[in-house]
Amino acid sequence: MILHAIDTGHGLPLVLLHGLFGAARNFGTVQRELAAHHHVIALDLRNHGASPHAAGMSYADMAADVLETLTRLGTGPVALLGHSMGGKVAMRLALEHPDAIACLLIADIAPVPYEPHHRAFAAAMLSLPNSLSRAQANAALERDVPDPIIRGFLLQNFTPGATPPWRIGLQQIADALPEIEAWDDLTPRQYTGLTLVLAGETSDYIRPQHRPLIRALFPAARFVTIRNAGHWLHADNPTVFVAVIEAFLARTTQTEGPPSC
């Protein structure tokens, strides 16, 4: 599957992969900052943003989509950054096709299964009729999605009056949530390239017990915590997020040289 891409800047190719219910445009501020020094390509994963809809969202399938898209774009090895679900896609791609990845950046996710926290969100979203205004949809979601920030994030995908009212492949996503929540054990595979693991200071997605698992798969992993940030660390503290990425890319370029970052 060829994915929709937002392509800006020049230099080292840096690919951005968003999380569940997100889109490439969620990286807007970060992408503009990074594009001053890099060729930044933000992708909509399948069933998200402007990319095609399809049944099945295994990480093998989503990683294959990214690789096919990058091959079509002719990028060569890329710096690959994935947040949350996109981080799992990035890890899968790096483990299966290490030659395609110059270096890896993982944002607030670990290579482990997670609890099914999003199923109630998907069910509530699917229950909304297309006759609702955005304000009515916001009110209708409040019981199942009490956090107004999360509701606002989800409603970025809502188009009042459209049939269906969600521009994303919501039914396909809902059906695939068991795959999205899971993680296949890929040991003894390893990605030995330089890897940066970013965690939000107030997020619990990366826990101390996850570090040995990450190092087993990514032995060159370095860990950084972004202060004043939760799970959406690139939105909570974009200035520090960008600074850490720029420093990592600059340092790895100086120490490793092509084709590493």
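Everything numeric in this text was worked out from a predicted model, so none of it was measured.
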Backbone of [Y] reached by a side-chain donor or acceptor of [X] within 3.5 Å:
X	Y	answer
Glu33	Val30	no
Gln190	Leu95	no
Asp184	Leu186	no
Tyr191	Arg92	no
Arg151	Val145	yes
Glu246	Ala243	no
Asp108	Gly200	yes
Gln31	Val40	yes
Thr195	Ala220	no
Arg207	Asp204	yes

Rounded to the nearest 0.5 Å, what separation is found between the [atom1] atom of [X] and the [atom2] atom of [Y]?
X	Y	atom1	atom2	answer
Asn228	Thr202	CG	OG1	8.5 Å
Thr225	Leu198	OG1	CG	9.0 Å
Ser127	Asp144	OG	CG	7.0 Å
Leu45	Ile168	CG	CD1	12.0 Å
Thr8	Leu34	OG1	CG	8.5 Å
Met91	Leu80	CE	CG	10.5 Å

Using the side chain to side chain donor-acceptor pair (under 3.5 Å) criterion, which residues pair with [X]? Sequence neighbours excluded.
X	answer
Thr192	none
Gln171	Asp175
Arg215	none

List the atom pairs, with distances to 0.1 Å, where a side-chain N or O of residues 115-126 and a protein N or O form a donor-acceptor pair under 3.5 Å, not counting sequence neighbours.
from, atom 1, to, atom 2, distance (Å)
Arg119, NE, Glu181, OE1, 3.3
Arg119, NE, Glu181, OE2, 3.0
Arg119, NH2, Glu181, OE1, 2.6

Residue pairs, two or more places apart or on separate chains, that pass ring-ring contact (aromatic ring centres under 6.0 Å, His included) and touch [range]:
range	answer
residues 155-181	Phe158-Trp166
residues 37-77	His18-His48
residues 61-80	none

Contacts of type ring-ring contact (aromatic ring centres under 6.0 Å, His included), residue Tyr114, not counting sequence neighbours: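 If we apply the ring-ring contact (aromatic ring centres under 6.0 Å, His included) test to Tyr114, skipping adjacent residues, the hits are Tyr205.
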
ring-ring contact (aromatic ring centres under 6.0 Å, His included) involving Phe27 - partner list, sequence neighbours excluded: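 Counting only residues at least two positions away or on another chain, Phe27 forms a ring-ring contact (aromatic ring centres under 6.0 Å, His included) with His234.
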
Shortest non-hydrogen contact between [X] and [Y], atoms and distance:
X	Y	result
Lys88	Ala182	NZ-O, 2.9 Å
Cys103	Ile101	O-CG2, 3.2 Å
Ala221	Val197	CB-CG2, 4.2 Å
Pro238	Ala235	CD-O, 3.5 Å
Leu17	Ala90	CD1-N, 4.1 Å
Leu132	Ala140	CD1-CB, 4.3 Å

side-chain contact (heavy atoms from CB on, under 4.5 Å) against Asp99, all qualifying residues, sequence neighbours excluded: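 Testing Asp99 for side-chain contact (heavy atoms from CB on, under 4.5 Å), a comparison that skips the adjacent residues, returns none.
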
Contacts of type side-chain contact (heavy atoms from CB on, under 4.5 Å), residue Thr159, not counting sequence neighbours: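 So Thr159 forms a side-chain contact (heavy atoms from CB on, under 4.5 Å) with Ala162, Arg167.
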
Quick one, [X] and [Y] - any side-chain contact, counting heavy atoms below 4.5 Å?
X	Y	value
Phe218	Leu104	yes
Leu155	Asn138	yes
Val112	Trp183	no
Val15	Leu81	no
Leu14	Ile41	no
Leu3	Val66	yes
Arg46	Ser51	no
Met57	Ile173	yes

Name of the residue among Pro164, Pro160, Pro165 meeting side chain to side chain contact (heavy atoms under 4.5 Å, CB included) with Asn130: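 Single pass found, and it is Pro165.
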
Partner of Pro111 by side chain to side chain contact (heavy atoms under 4.5 Å, CB included), out of Asp185, Leu217, Thr187: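 It is Leu217; the other options fail the test.
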
Common cluster, Met62/Ile6, ILVMFWY with side-chain heavy-atom separation under 4.5 Å: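 No: no chain of side-chain contacts under 4.5 Å links Met62 to Ile6.
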
Phe223-Ile106 co-clustered via ILVMFWY side chain contacts under 4.5 Å: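 Yes: a chain of side-chain contacts under 4.5 Å links Phe223 to Ile106.
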
Steps toward side chain to side chain contact (heavy atoms under 4.5 Å, CB included) verdict (Leu16, Leu43): CA-CA 6 Å; Leu16 309 179; Leu43 298 179; over 6 Å; no

Asp236/Phe241 under side chain to side chain contact (heavy atoms under 4.5 Å, CB included): CA gap, chis, key distance, verdict: CA-CA 9 Å; Asp236 294 339; Phe241 184 78; over 6 Å; no

Arg25 and Asp44 ion-paired at < 4.0 Å: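 Asp44 and Arg25: not salt-bridged.
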
Side chain to side chain donor-acceptor pair (under 3.5 Å) contacts touching residues 72-86 (sequence neighbours left out):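 Those involving residues 72-86 are Ser84-His231.
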
